[in-house]
J.: 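Following this message is one structure expressed as structure tokens.
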Amino acid sequence: MANIYDVANFFIELAGQDDEGEITNLKLNKLLYYAQGHYLAALNKPLFTEAIEAWDLGPVIPAIYQKYKICGKNSIAAEGKDIAENFSDEEYSFLLDIAREYGKYTAAYLVNKTHEPDSPWAQTNRNEVINIEQIAAYFSANERIKPFKIKLNDSKNIAIGHRDSEGFLVLPADENDDYWDNYNEA
């Protein structure tokens with residue numbers, strides 16, 4: 001099982017690899033929520049053990065909020081750590097998928113998505129723990145949420161993404177993607 005601080009560092013370091021990448025405390029907490037939800041739905045077990053609480057601006061892991069609250073609304077600076085060493089190949093591949101799917105969105109967009117009326121956040125009183133079984137059921141049954149399949153990835157090499165014409169961060173689909181061969185040569 002992954003350590004919550006390692007998972008948080010994964011998203012921070014990944015964002016830091018992009019010249020325009022930034023991740024705030026708010027966005028980081030939403031990415032962690034989506035990672036936990038999809039992992040629960042895919043494997044029927046948690047990615048990390050820390051509880052997620054229903055705060056005014058959506059799901060929050062209090063320990064992560066406390067660690068990065070000094071940044072306020074500013075971006076959290078990457079430290080240049082190796083983001084692959086603390087994860088199994090399965091976890092690493094999964095986290096890349098989460099970053100590809102949700103990392104392209106703003107914190108405000110992710111907040112709005114977590115506030116949908118049928119979401120676990122909406123069904124939980126503010127400042128209380130969101131029931132993990134409720135999170136699992138929501139991510140398993142919600143047709144609007146793209147399901148993730150966990151796949152084994154034997155490579156932990158990461159390519160630095162690029163921005164598409166609309167400004168979204170684009171990560172490689174896989175290491176055999178021809179686009180990245182051409183992009184890296186440019």
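Note that these values count all heavy atoms, side chains included, but never hydrogens, waters or copies made by symmetry.
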J.: Would you name the heavy atoms of Ala136 and Ser140 that are closest together and state the gap between them?
T.: O-OG, 2.8 Å
J.: Rounded to the nearest 0.5 Å, what separation is found between the CZ atom of Phe11 and the CG atom of Leu32?
T.: 6.0 Å
J.: Drop me the distance from Ile130's CD1 to Ile135's CD1, to the nearest 0.5 angstrom.
T.: 5.0 Å
J.: Ile76 pairs by side chain to side chain contact (heavy atoms under 4.5 Å, CB included) with which of Ile12, Ile70, Thr24?
T.: Ile12
J.: What is the minimum heavy-atom distance between Gly103 and Leu31, and which atoms define it?
T.: N-CD2, 4.0 Å
J.: Got more than 12 heavy atoms from elsewhere within 6.0 Å of CG, Asn44?
T.: no
J.: Should Glu90 and Tyr39 be marked as a side chain to side chain contact (heavy atoms under 4.5 Å, CB included) after you check the CA-CA gap, both sets of side-chain angles, and the distance that decides it?
T.: CA-CA 11 Å; Glu90 176 182 274; Tyr39 204 80; 3.4 Å; yes
J.: Atom CG in Leu26, atom CD1 in Ile23: separation rounded to 0.5 Å?
T.: 10.0 Å
J.: Side chains of Tyr109 and Lys27, heavy atoms from C-beta outward: is any pair under 4.5 Å?
T.: no
J.: Should Leu43 and Leu95 be regarded as members of a common hydrophobic cluster, given that ILVMFWY residues are connected when their side-chain heavy atoms come within less than 4.5 Å of each other, either directly or indirectly?
T.: yes
J.: May I ask you to decide if Glu128's main-chain N or O and Asn125's side chain share a donor-acceptor pair within less than 3.5 Å?
T.: no
J.: When rounded to the nearest 0.5 angstrom, what distance separates OG in Ser75 from CG in Asn25?
T.: 11.0 Å
J.: Taking the ring centre of each residue, are Phe139 and Tyr33 less than 6.0 Å apart?
T.: yes
J.: Where do Gly16 and Ala78 come nearest, in terms of heavy atoms and distance?
T.: CA-CB, 3.9 Å
J.: Which heavy atom in Leu14 sits nearest to a heavy atom in Leu96, and how many Å separate them?
T.: CD2-CD2, 4.4 Å
J.: Flag the pair Leu40 / Pro46 as yes when at least one side-chain heavy-atom distance between them is below 4.5 Å, and no otherwise.
T.: yes
J.: Please examine the side chains of Gln36 and Ile61, heavy atoms only from C-beta on, and report whether any two atoms are closer than 4.5 Å.
T.: no
J.: Looking at Thr106, is its backbone amide N or carbonyl O close enough to the side chain of Lys30 to form a donor-acceptor pair, meaning the two atoms are under 3.5 Å apart?
T.: no
J.: Could you list the donor-acceptor pairs under 3.5 angstrom formed by side chains in residues 3-10, with sequence neighbours left out?
T.:
| residue | atom | partner | partner atom | Å |
| --- | --- | --- | --- | --- |
| Asn3 | OD1 | Tyr5 | N | 2.6 |
| Asn3 | OD1 | Asp6 | N | 3.3 |
| Asp6 | OD1 | Asn86 | ND2 | 3.4 |
| Asn9 | OD1 | Tyr68 | OH | 3.4 |
| Asn9 | ND2 | Tyr5 | O | 3.2 |

J.: Does any N or O in the side chain of Thr114 come within less than 3.5 Å of the main-chain N or O of Val111, such that one atom is a donor and the other an acceptor?
T.: yes
J.: Looking only at heavy atoms, what is the nearest atom pair of Lys81 and Glu13, with distance?
T.: N-OE1, 3.2 Å
J.: Identify the two heavy atoms, one from Tyr65 and one from Val60, that lie closest to each other, and give their separation to 0.1 Å.
T.: CB-CG1, 3.7 Å
J.: Output a table of donor-acceptor pairs, distance under 3.5 Å, between side-chain atoms of residues 49-57 and any protein atom two or more places apart or on a different chain; print 'none' if there are none.
T.:
| residue | atom | partner | partner atom | Å |
| --- | --- | --- | --- | --- |
| Glu53 | OE1 | Trp55 | NE1 | 2.8 |

